Number of protein chains: 2
Amino acid sequence: MIMVNNKLIDVTFKKYGLRKTSFRKNLFELFHNSSNTLSAKEISSKFSSSADKVSIYRALESFEKSGLIHKVPDKNNLLRYSLCKSECRPNKHAHDHAHFLCSVCEETFCLDDFTLPSTKSHNGFLINDLKIIMEGTCVSCKSI
Amino acid sequence: MIMVNNKLIDVTFKKYGLRKTSFRKNLFELFHNSSNTLSAKEISSKFSSSADKVSIYRALESFEKSGLIHKVPDKNNLLRYSLCKSECRPNKHAHDHAHFLCSVCEETFCLDDFTLPSTKSHNGFLINDLKIIMEGTCVSCKSI
DNA sequence: TATTAAACGCAACTGAATTGCGTTAAAATT
DNA sequence: AATTTTAACGCAATTCAGTTGCGTTTAATA
């Protein structure tokens, strides 16, 4: 099942200080092979068996804390994640891109080339983090 | 308990086609007197008694459908609402403002004067709705 | 005043996410 | 290589926001 080369797993897991259990290696691979974002439920359905949901949630939490994945918004208020860009660090995620929720297929996309305003304060409010969330019709659904 | 004048309630409820039950009048008043946003739990705690949570959820849904209130993002994935601006209509909400979540007091604020980009498409993605969500320290918490 | 339609309120339910805890397995140490 | 240590696993049980069903009440209306 491992399609991502082992070197990449070694390097990545070392970089992020993660233990190489078979489940977490598979989970990393799944993220690596997914073009868009994943929820716990979707992850669960992609593992044929023996992927306890608690393990999924704990792995996601651990991956997020280490800076390997990041949360993305979801229409139905689910926890949803995506691989981080290479610049991300455990305590400083650099996600200067917008997220797009398709109302047709319900998928969530990272629009990496839609850059965010870099405003640091507004009317006395100090801004640490700024997210842009769009809703509409994605490229694929548009052309159906 | 009714502090908002009755004329306003009459006018508003008529405008939005809402029934004037005592609970919904109180709920409207609560929104009207709140400077920032409200979750079902907060609403519940502000009514001394006899505000069944089901009634709260149904009233919120009804208020939202009529265009009186709108959903706002929440850090903990709760349903959270705020009064709409006067331009809003049942099927067309006009919330061209950003939302700010304070990491200190956990309150959510509508920044009415932070206007959003009016992009209608990006790389083939059709954008119907665009939200900006900021996190940081609000004016009050900053000066503590 | 009688009718009818929406809102209420209680109980029960759903489903995502979390907690506890004993067991297993990876990494570190000897 | 064998032992110790520590993180991850997996199962059951729990929490908590939000929803559904249904009989009752209350506001709008005819």
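Worth knowing before you read on, the calculation uses all heavy atoms, side chains too, and leaves out hydrogens, waters and symmetry mates. Sequence lines set the chain letters: A, B, ... in the order given, protein chains first and strands last, and positions in each chain run from 1. Just so we're clear, the structure is a prediction, and the values are computed from it rather than from any experiment.
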Next on the checklist: Angle between the end axes of the helix from dT1(C)-dA30(D) to dT30(C)-dA1(D), five pairs per end, to the nearest 10 degrees?
Outcome noted: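 Inter-axis angle at the ends, rounded: 30°.
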If I take atom [atom1] in residue [X] and atom [atom2] in nucleotide [N], what distance separates them, rounded to the nearest angstrom?
{"X": "Phe13(A)", "N": "dA8(D)", "atom1": "CZ", "atom2": "P", "result": "11 Å"}
{"X": "Glu42(B)", "N": "dG18(D)", "atom1": "CD", "atom2": "P", "result": "11 Å"}
{"X": "Ile56(B)", "N": "dC10(C)", "atom1": "CD1", "atom2": "P", "result": "12 Å"}
{"X": "Glu64(A)", "N": "dA17(C)", "atom1": "CD", "atom2": "P", "result": "13 Å"}
{"X": "Lys75(B)", "N": "dA17(C)", "atom1": "NZ", "atom2": "C1'", "result": "19 Å"}
{"X": "Tyr16(B)", "N": "dA28(D)", "atom1": "OH", "atom2": "C1'", "result": "21 Å"}
{"X": "Phe23(B)", "N": "dT25(D)", "atom1": "CZ", "atom2": "C1'", "result": "15 Å"}
{"X": "Asp52(B)", "N": "dT24(D)", "atom1": "CG", "atom2": "P", "result": "17 Å"}

Item to check | Comparing Gly17(B) and Asn77(B) on DNA chain C - which has the more 5′ nearest nucleotide | outcome: Gly17(B)
Checklist entry - Does a salt bridge link Lys65(B) with Glu61(B), judged by any charged N lying under 4.0 Å from a carboxylate O? => result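 Yes, Lys65(B) and Glu61(B) are salt-bridged.
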Phosphate OP1/OP2 of [N]: any [X] side-chain N/O under 4.0 Å:
{"X": "Arg24(A)", "N": "dA7(D)", "result": "no"}
{"X": "Ser55(A)", "N": "dG10(D)", "result": "yes"}
{"X": "Tyr57(A)", "N": "dA17(C)", "result": "yes"}

Next on the checklist: Please tell me whether Phe23(B) and Tyr16(B) are part of a single hydrophobic cluster in this structure, the criterion being side-chain heavy atoms less than 4.5 Å apart.
Outcome noted: yes
Next on the checklist: Other residues, nucleotides and ligands only: do more than 12 of their heavy atoms fall within 6.0 Å of NZ on Lys41(A)?
Outcome noted: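 Result for NZ/Lys41(A): open.
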Next on the checklist: Thr37(A): which residues meet the side-chain hydrogen bond (donor to acceptor under 3.5 Å, both in side chains) condition with it, sequence neighbours left out?
Outcome noted: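 Checked Thr37(A) against side-chain hydrogen bond (donor to acceptor under 3.5 Å, both in side chains); matches are Arg80(A).
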Item to check | Partner set under side chain to side chain contact (heavy atoms under 4.5 Å, CB included) for Asn36(B), not counting sequence neighbours | outcome: Glu107(B), Phe109(B)
Item to check | Heavy-atom check, side chain of Glu64(B) versus side chain of Lys71(B), under 4.5 Å | outcome: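 Yes, at least one pair of side-chain atoms sits under 4.5 Å.
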Next on the checklist: Quick check: do Phe47(B) and Leu30(B) have side-chain heavy atoms less than 4.5 Å from each other?
Outcome noted: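 Answer yes - side chains close enough.
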Item to check | Ring-ring centroid check Phe28(B) Phe13(B), cutoff 6.0 Å | outcome: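 For Phe28(B) and Phe13(B), the ring centres are under 6.0 Å apart.
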Checklist entry - How many angstroms lie between CD1 in Ile43(B) and OG in Ser34(B), if you round to the nearest 0.5 Å? => result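 Answer for the CD1-OG pair, Ile43(B) versus Ser34(B), is 8.5 Å.
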Item to check | Verdict with reasoning, Lys75(B) to Glu106(B), per side-chain contact (heavy atoms from CB on, under 4.5 Å) | outcome: CA-CA 8 Å; Lys75(B) 251 187 165 172; Glu106(B) 304 258 305; 4.2 Å; yes
Item to check | His122(B) vs Leu111(A), side-chain contact (heavy atoms from CB on, under 4.5 Å): CA-CA, chis, key distance, verdict | outcome: CA-CA 9 Å; His122(B) 181 80; Leu111(A) 301 189; 3.9 Å; yes
Under 3.5 Å, which N/O atoms of the protein pair with N/O atoms of nucleotides 12-14 of chain C?
none

Checklist outcome for this item: Scoring nucleotides 21-30 of chain C by protein non-hydrogen atoms under 4.0 Å (B base, S sugar-phosphate only, - none) yields B----BS---
Checklist outcome for this item: Besides Leu101(B), the hydrophobic cluster formed by Ile, Leu, Val, Met, Phe, Trp and Tyr side chains linked at under 4.5 Å, directly or via other members, contains Leu101(A), Ile133(A), Ile133(B)
